[in-house]
Amino acid sequence: MSGADSRRPHGLLAVLRLHGNPSWAILTEPMPIRDQLTAAIATALADLGIAEVPESVRLERPAQPEHGDWSSNAALVCAKAAGRRPRDLAAELGDVLVAASLPHVRSVEIAGPGFVNLRLDPGWLDDVLVDVVAAGVESYARFDLGKGERVQVEFVSANPTGPLHVGNGWWGAYGDSVARLLERCGWSVSREYYVNDTGGQIRRLGESLLARRRGDPVPDEGYQGAYVADLARAYDGPDDVLVAGRWAAEKILANIQATCSSIGIVFDEWYSQASIEESGAVAEMVADLESRGLVDREDGALWLRSTKLGDTRDRVLVKSDGDATYLAGDLAYHRDKFIVRGFDRVIDVFGADHHGHVASLFAGVAALGVDPGRLEVKLGQMISLVDGGAAATMSKRAGNFVPLDDLVADIGPDATRLLSLMSSVDQATTLDLSVVRAQSMENPVFYVQYAHARIASIERKGAERGVDRLPIDDADLSVLRHPRELDLLRRLEELPDVVVAACATRAPARVTTWVRGLAGDFHGFYHDCQVLGPDVAPAVTQARLWLVEAARIGFAVALDLLGVHAPESM
RNA sequence: GCCCCCGUAGCUCAACUGGAUAGAGCAGCGGACUUCUAAUCCGCAGGUUGCAGGUUCGAUUCCUGCCGGGGGCGCCA
């Protein structure tokens, strides 16, 4: 269902592609240590007669410190094809790596079932610090994997029949962060909101509005929320259901737009379903499908024979009353995305309650002659809201849902975004409003932002005391050998990998996990390693100032990907 | 009945797209502030990763079945 993901750029194959045939000579070029080790392993494998390096070969940072600084599963993965026992192959691989006398590598050990563990001198982390600082916020963990490929991310797209609810905000933050990740990895991204401003729901909205204005009870199928009454008071138009509905939808949409921007979501395009129907795009799309012999008429309606394309059932495009269905509009819309506007790839973020629509969408896109691999649909699982034990719901028609605006007013935009990006989209989550409102320790945004505020505080204090940060070339980074300092550097080294993996798997939550870890490392460092002060040697102050700067860069990159602000003080 | 997602510590969630001894926060207990912000740090306790098989050198991760929860199966959107 989801399209082909981009490959990680750090695999052995990628390095070989970048640098041509394996040769020890490539190691003379300046490269991050990770790429050097990766290339070295590829070369060593080639020396051992394994030219074809499987994609599953990895160079990883082991979870256990006893397993060294870097570890590869190469021998485990290649053993069977090479007809050798994993530990034997690992031993040979280790010998070749030792003979290569790689930079920073102190020892090579074979462990467990056949891991090759590399132990480095801490100097490799000094190189990491230099890399981070040299790249800066602009370039560190930035990639050109997308090669400028144009991708559209469609998200939120909530019906303009009421304010956004908390679930919209969660999936909205998700879609926006996926867009940010794609941008950072070199894709050209367009954020789009599909406005369902037509059809029966707009009529129902109009009916509800007019009923309110007359002082009549709102119909059972109508919208009961208090916002309808507010709108009714402001409406001075005719007693026409459609006119009233469209008027209200417009007002509501303006409110939705404001809500989105309040949590840092800005769309490039608000695409109107009504405009599609009026422009004749639906008719064009139907004609396109007719020419392919995939539609016919039955019971007065026009059907897409989507079962021919893998759907579980056929779908109606034009109802017997002559109105286009939602699917028809959406297919015309997707035809516009792929064929008219020519996006290379489209990612739709829907709520899980739209699951029933997905199969027909894919079938329809295929029917239009578009490679379905270019379409990805991410379904955000449901958010259960609990308020101090009592369940809150998200029904617009019943009018008892929790508006996103209320949550943002309670806990702020940053906490809203960070909370929503804490867990995977595939994970249905439970949010206890009473707990979150309390702004207690439950709220992780403080933990992360406080770390950044401490950085800013160090910078302020340094300026007050006249401590200048001298050029990094003049700093002796080898004084950074406290476990807290090394932890921080190891964390910073991970960010590029985290960004690529988060982007490839459309999982911004990974960035959240990482930045919380960075905050933990920084708090530990802050507690144990004073930067300024009369008892700190000047050389140590200098090195630590650069370490703090690198941490600042890490926070800035990660928090920007999440759409969370990095405050100077708290 | 069929399809999708999930099931991990008391609670909310992680776990580097198959790696070695499954981690954080909160809640509980006990410690650390004359310091660049204690919204912090340190320690203790907490687990048969729903159950049973399978694939693999290796499974929370992949496959099958079952149990449980959520969502979906409209000429609604």
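Note: hydrogens, waters and symmetry copies are ignored here, and every other heavy atom, side chains too, is used.
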Would you mind telling me which of [options] lies closest to the side-chain atoms of [X]?
X         : options                : result
His527(A) : A77(B), U40(B), C36(B) : U40(B)
Phe115(A) : G71(B), G19(B), A77(B) : G19(B)
Ser423(A) : A38(B), C13(B), G19(B) : C13(B)
Arg313(A) : C36(B), G74(B), U17(B) : G74(B)

Presence of [X] side-chain N/O under 4.0 Å of [N] phosphate oxygens OP1/OP2:
X         : N      : value
Arg510(A) : U17(B) : yes
Arg34(A)  : C16(B) : no
Lys80(A)  : G58(B) : no
Arg454(A) : A38(B) : yes

Can the ring centroids of Tyr333(A) and Tyr194(A) be said to lie less than 6.0 angstrom from one another?
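Close enough - the centres of the two rings lie under 6.0 Å apart.
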Between G10(B) and G46(B), how far apart are the two P atoms, rounded to whole Å?
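Result for the P pair: 11 Å, nearest Å.
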Touch class at under 4.0 angstrom, heavy-atom based, for Asn117(A) against every strand present:
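The residue Asn117(A) makes base contact.
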Touch check for Arg544(A), heavy atoms < 4.0 angstrom, all strands: base, sugar-phosphate only, or nothing?
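Answer is nothing: Arg544(A) stays at 4.0 Å or more from every strand.
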Can you measure from SG (Cys503(A)) to CZ (Arg510(A)) and round to the nearest 0.5 angstrom?
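Going from SG on Cys503(A) over to CZ on Arg510(A), the span is 11.0 Å.
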Pairwise 5' ranking along RNA chain B for Asp197(A) and Ala509(A), keeping only the more 5' one
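Nearer the 5' end of the strand: Ala509(A).
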Phe446(A) CZ to A38(B) C1': how many Å, rounded?
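So the CZ-C1' distance, Phe446(A) to A38(B), works out to 16 Å.
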Both distances under 3.5 Å, Watson-Crick or G-U wobble: report the partner of C41(B), or none.
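Base partner found: G31(B).
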Partner nucleotide of A24(B) by Watson-Crick or wobble geometry (both distances under 3.5 Å):
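Result: U12(B).
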Just wondering, do His357(A) and A77(B) stack (centres under 5.5 Å, planes under 30°)?
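Whether judged by distance or by angle, His357(A) falls short somewhere, so it does not stack on the base of A77(B).
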Identify the residue among Leu421(A), Leu562(A), Val557(A) that makes a side-chain contact (heavy atoms from CB on, under 4.5 Å) with Val511(A).
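Going through Leu421(A), Leu562(A), Val557(A) one by one, the side-chain contact (heavy atoms from CB on, under 4.5 Å) with Val511(A) is satisfied by Leu562(A) alone.
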Relative to each other, are the rings of Tyr326(A) and His354(A) parallel, tilted or perpendicular (30° and 60° limits)?
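Judged by the thresholds at 30° and 60°, the geometry between Tyr326(A) and His354(A) is perpendicular.
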